[in-house]
Number of protein chains: 2
Amino acid sequence: MATIKEVAKLAGVSVATVSRVLNDSGYVGAESRKKVEQAIEELEFYPNEVARSLFQKKSKLIGLLLPDIANPFFPLLAKGAEDAVNQLGYSLILGNVQDDVEKEEEYLKIFEQNNIAGVLSAVQGSSKRLKNIPLVNLDRVESFEQYAVHTNDYQGGMLAAQAMADRDPKQVVIMVGPKEVPGSFERLAGSIQIFKERDIAYHLFQTTSFRLEDTDETVELFFKEHPNADSVVASNDVYALAIMREAVKRGINIPDELQIIGYDDMPFSRLTYPGLSTIAQPAYEIGYKGAQLLCNCIENKPVKTKRIQLPVELVLRESLREKVEHE
Amino acid sequence: MATIKEVAKLAGVSVATVSRVLNDSGYVGAESRKKVEQAIEELEFYPNEVARSLFQKKSKLIGLLLPDIANPFFPLLAKGAEDAVNQLGYSLILGNVQDDVEKEEEYLKIFEQNNIAGVLSAVQGSSKRLKNIPLVNLDRVESFEQYAVHTNDYQGGMLAAQAMADRDPKQVVIMVGPKEVPGSFERLAGSIQIFKERDIAYHLFQTTSFRLEDTDETVELFFKEHPNADSVVASNDVYALAIMREAVKRGINIPDELQIIGYDDMPFSRLTYPGLSTIAQPAYEIGYKGAQLLCNCIENKPVKTKRIQLPVELVLRESLREKVEHE
DNA sequence: TTCTATTGTGTAACCGATTACACAAACATA
DNA sequence: TATGTTTGTGTAATCGGTTACACAATAGAA
């Protein structure tokens with residue numbers, strides 16, 4: 001890789017002039033500019049970001065913290081973030097945290113060591129150690145002063161419950177996501193409100209993690225605790241599908257004997273039959289908008305709102321029964 | 001963030017001594033070492049990787065090139081890579097290439113600009129521009145001199161075809177993956193060998209991409225071209241599930257009227273019912289082993305084999321009929 | 001014409017680490 | 001005791017950029 005010195009030499013100017021051409025800063029004569037551009041072309045020069053980053057104390061790298069990239073919600077989010085970030089001249093350092101606080105801390109340290117320009121975080125407490133590094137929370141909201149892109153979990157919980165309530169549920173079970181996930185509580189509250197309003201009884205089933213490895217166990221437990229469930233509001237699509245599978249396996253007809261609604265609208269939720277009805281979360285958008293917001297912060301551009309709320313949406317497929325009118 | 005200078009001052013030594021303590025290099029007196037360690041502790045100092053990287057012309061970052069992170073094969077691979085790399089003190093820069101050659105080139109440039117230590121690539125031609133940067137190909141094999149971790153696609157193709165051939169297929173259709181994906185051809189060859197040996201007729205159906213967005217279109221085309229297919233060897237799980245869904249929707253019984261086998265064993269392939277029979281690719285392992293191999297190259301450690309081949313495995317679920325013996 | 005403002009360019013310090021080299025002290029060996 | 005080796009430490013150069021500052025040349029204003 002050629003350096004700025006070599007370019008300067010070939011162009012017959014000083015490194016300062018080359019740098020000015022590169023950054024379009026300060027005054028550069030037409031003559032010099034041309035010579036420098038030619039030299040750059042000839043040497044196929046492109047500046048070393050490490051050197052730049054050292055001086056500026058700020059790199060073109062953005063840290064992306066994910067709870068678990070194997071959870072199908074996050075690749076989509078990552079893709080959105082990557083697209084946005086890439087368009088704006090940044091790149092992502094991937095921090096897969098596996099719901100492990102230590103690993104999260106470790107990554108925040110690594111980020112700092114690399115003069116990261118900002119952090120996109122879909123995990124809990126990332127804000128602590130970072131001093132002057134902008135951070136945007138994705139999906140999960142920490143506190144109200146922080147930047148965040150998220151969805152209305154309360155509304156999502158309501159939508160799911162509403163869809164269920166409209167379909168003559170007999171034995172409702174609401175799966176509640178892990179306590180540490182702030183959204184879980186909101187969703188639950190939304191669902192409960194609807195069921196209370198409609199005067200429909202419900203049971204709760206607490207899941208302890210969103211990790212893909214734990215589904216089998218959880219599903220087994222679910223059927224043990226709620227063998228007569230006829231209407232399930234699941235905490236995400238993975239659990240919904242897992243329950244659906246187990247149900248079909250047991251010869252329970254979906255949706256006649258057991259109807260179910262998921263949460264997220266994972267890409268593969270429409271690949272099953274019966275297709276999973278679910279609350280669609282705009283994972284890609286969350287990543288994309290979050291990255292845009294972060295880049296605006298990084299570059300001190302005016303930011304309209306610190307918090308962007310994206311809508312969720314009911315997606316009806318075959319896992320819910322026909323809607324009962326006049327209720 | 002404290003610097004090495006501040007540590008030196010607090011400890012009453014020179015920066016060189018601090019550096020020696022940090023890197024356990026050269027001679028350091030017991031007295032000095034203790035003072036430095038105390039200062040480090042007191043200032044919560046950790047070295048700036050950017051400065052280190054500038055001098056060494058080599059960072060602790062590894063580039064990860066993926067064709068499409070939304071394709072569920074790759075998050076798993078990424079997770080494996082991340083786990084390994086992280087254990088060895090490196091971090092990943094995510095390069096999601098979207099099957100776009102330009103974006104790939106762009107990322108390779110970005111990687112160079114960041115003094116990347118090495119590249120893990122699951123995309124085609126990444127080797128061109130890199131001069132002295134080690135690269136390990138994941139899943140896809142380019143040429144025989146290159147480092148790679150991959151599976152035996154030929155064998156995979158055979159396994160899939162064998163499973164099918166053992167189950168009294170009447171109308172076989174083999175879905176062939178995109179031509180650009182080297183493995184596709186191998187798998188096809190493996191499958192064809194089996195069907196030829198068994199004297200079973202088959203049709204081919206060419207898919208043009210592995211991108212998640214294109215499934216609907218492809219499945220529609222598939223049923224138009226092969227309405228009477230009774231045994232499908234799919235090019236991956238996503239297509240297999242998509243076809244299964246469409247079939248069930250059309251009232252075609254799985255597996256009695258149409259049996260199907262996928263490829264990959266995605267996490268959600270076991271969440272459907274009927275569960276998808278498939279050829280399991282060790283995506284996580286590919287990433288993990290690939291990252292280990294790369295790190296060994298980077299650190300000039302002895303490498304036993306340039307190419308690691310991992311086994312694939314037939315996973316039987318409900319999408320295939322019962323095996324017919326005595327054939 | 002003279003003075004100031006604008007334009008153009010180079011020199012050198014700087015970012016925060018690593019390390020070659022010089023030098024001194026302590027130790028071992030002859 | 002003289003000499004060589006090992007140990008310990010600091011100074012300064014270096015990595016590849018950016019930019020403050022100095023200075024010169026030119027243009028414009030008075």
Side-chain angles (χ1 to χ4, degrees), chain A residues 1-37 39-40 43-61 89 109-117 132-133, chain B residues 1-37 39-40 43-61 89 109-117 132-133:
Chain A
M1 225 169 79
T3 72
I4 201 174
K5 250 184 220 158
E6 302 175 56
V7 174
K9 201 159 134 195
L10 181 61
V13 299
S14 75
V15 291
T17 301
V18 177
S19 182
R20 289 191 198 102
V21 172
L22 286 174
N23 300 300
D24 239 336
S25 63
Y27 296 108
V28 181
E31 187 79 353
S32 298
R33 164 161 278 125
K34 210 166 76 190
K35 283 190 293 178
V36 168
E37 280 166 353
I40 287 177
L43 296 172
E44 296 183 59
F45 168 82
Y46 38 100
N48 183 313
E49 273 301 330
V50 176
R52 188 176 264 180
S53 155
L54 179 59
F55 187 86
Q56 317 261 250
K57 297 162 184 281
K58 193 200 254 188
S59 71
K60 288 287 188 184
L61 298 171
K109 185 170 155 188
I110 291 174
F111 290 169
E112 277 195 276
Q113 291 182 295
N114 283 282
N115 288 2
I116 218 91
N132 296 313
I133 301 175
Chain B
M1 223 170 77
T3 70
I4 201 173
K5 249 182 222 159
E6 302 174 56
V7 174
K9 200 157 132 197
L10 182 62
V13 299
S14 74
V15 291
T17 301
V18 177
S19 181
R20 289 189 197 104
V21 172
L22 286 174
N23 300 299
D24 239 335
S25 64
Y27 296 108
V28 181
E31 187 80 353
S32 299
R33 163 161 278 126
K34 210 167 75 190
K35 282 191 293 179
V36 169
E37 279 166 352
I40 287 177
L43 296 173
E44 294 183 60
F45 167 82
Y46 38 101
N48 182 313
E49 273 301 328
V50 175
R52 186 176 265 180
S53 155
L54 178 61
F55 187 86
Q56 317 262 251
K57 297 163 184 276
K58 193 200 252 186
S59 72
K60 286 289 189 184
L61 298 172
K109 186 171 154 187
I110 291 174
F111 289 170
E112 276 195 277
Q113 291 182 295
N114 284 282
N115 289 1
I116 219 89
N132 296 312
I133 301 174

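The structure displayed is predicted, hence computed values, not measured ones. Chain naming here is simple, since letters A, B, ... match the order of the sequence lines and numbering starts at 1 in each.
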Asks: I want to check one thing: is the phosphate of C:dA17, taken as OP1 and OP2, less than 4.0 Å away from some side-chain N or O of B:Lys5?
Replies: no
Asks: Please figure out whether B:Gly12 or A:Val18 has its closest DNA chain D nucleotide nearer the 5' end.
Replies: B:Gly12
Asks: Looking at A:Arg20 and A:Val28, what are the two nearest heavy atoms and their distance?
Replies: CB-CG2, 3.5 Å
Asks: Could you tell me the separation between the CG atom of A:Leu54 and the P atom of C:dG16, rounded to a whole number of Å?
Replies: 7 Å
Asks: Answer yes or no: is there an ion pair linking A:Glu49 with A:Arg52, defined by an N-O contact shorter than 4.0 Å?
Replies: yes
Asks: What contact category does B:Ser53 fall into here, base, sugar-phosphate, or nothing, at under 4.0 angstrom with non-hydrogen atoms?
Replies: nothing
Asks: Side chain of A:Ala51 only, please: which of D:dG17, C:dT11, D:dC15 is the nearest?
Replies: D:dG17
Asks: Side chain of A:Asn23 only, heavy atoms from C-beta on: which candidate in D:dG16, D:dG10, D:dT18 is closest?
Replies: D:dT18
Asks: Separation of B:Tyr27 atom OH from C:dT19 atom P, in whole Å?
Replies: 16 Å
Asks: When you measure from the side chain of A:Ser14, which nucleotide among D:dG10, C:dG10, D:dG16 comes out closest?
Replies: C:dG10
Asks: Considering only NZ, NE, NH1 and NH2 on the basic side and carboxylate oxygens on the acidic side, decide whether A:Lys109 and A:Glu112 come within less than 4.0 Å.
Replies: no
Asks: Please work out if B:Ser25 contacts a base, only the sugar-phosphate, or nothing of the nucleic acid, heavy-atom cut-off 4.0 Å.
Replies: nothing
Asks: Side chain of B:Thr17 only, heavy atoms from C-beta on: which candidate in D:dT9, C:dA17, C:dT18 is closest?
Replies: D:dT9
Asks: Between C1' on D:dT18 and NZ on A:Lys58, what's the gap in Å once rounded to a whole number?
Replies: 15 Å
Asks: To the nearest angstrom, how far is A:Leu22 atom CG from D:dT19 atom C1'?
Replies: 13 Å
Asks: So what does A:Ala2 hit on the nucleic acid, given a heavy-atom distance under 4.0 Å: a base, only sugar-phosphate, or nothing?
Replies: sugar-phosphate
Asks: Mind calculating the distance between CG (B:Asp24) and P (C:dT19) to the nearest angstrom?
Replies: 13 Å
Asks: Between C:dT18, D:dA20, D:dT18, which nucleotide gets closest to the side-chain atoms of A:Arg20?
Replies: D:dA20
Asks: Given atom CZ of A:Arg52 and atom P of D:dT19, what is their separation to the nearest angstrom?
Replies: 9 Å
Asks: By nearest nucleotide on DNA chain D, pick out whichever of B:Glu31 and A:Val50 is the more 5' one.
Replies: B:Glu31
Asks: Among the candidates D:dT11, C:dA17, D:dG16, find the nucleotide nearest to the side-chain atoms of B:Val15.
Replies: D:dT11
Asks: What integer distance in Å separates B:Ile4:CD1 from C:dT19:P?
Replies: 11 Å
Asks: Going through the distances and angles, do A:Tyr46 and B:Gln113 end up as a side-chain contact (heavy atoms from CB on, under 4.5 Å)?
Replies: CA-CA 7 Å; A:Tyr46 38 100; B:Gln113 291 182 295; 3.4 Å; yes
Asks: Are A:Val18 and A:Lys9 packed together at the side-chain level, in the sense that at least one heavy-atom pair is separated by less than 4.5 angstrom?
Replies: no
Asks: Name the nucleic acid region contacted by A:Thr3, choosing base, sugar-phosphate or nothing; use a 4.0 angstrom heavy-atom cut-off, strictly under.
Replies: sugar-phosphate
Asks: Tell me whether the OP1 or OP2 atom of C:dT19 has a side-chain N or O from B:Gln56 closer than 4.0 Å.
Replies: yes
Asks: I want to verify a distance call: between D:dG10, D:dT19, C:dA17, whose nearest atom is closest to the B:Phe55 side chain?
Replies: C:dA17
Asks: Measure from the side-chain heavy atoms of B:Phe45 and tell me the nearest of D:dT18, C:dT19, C:dA17.
Replies: C:dA17
Asks: Output the rounded distance in Å from NZ (B:Lys34) to C1' (D:dG8).
Replies: 17 Å
Asks: Quick check for you: among C:dT9, C:dC15, D:dG10, whose closest atom lies nearest to any side-chain atom of B:Val13?
Replies: D:dG10
Asks: Atom CG in B:Leu54, atom CG in B:Asn115: separation rounded to 0.5 Å?
Replies: 7.0 Å
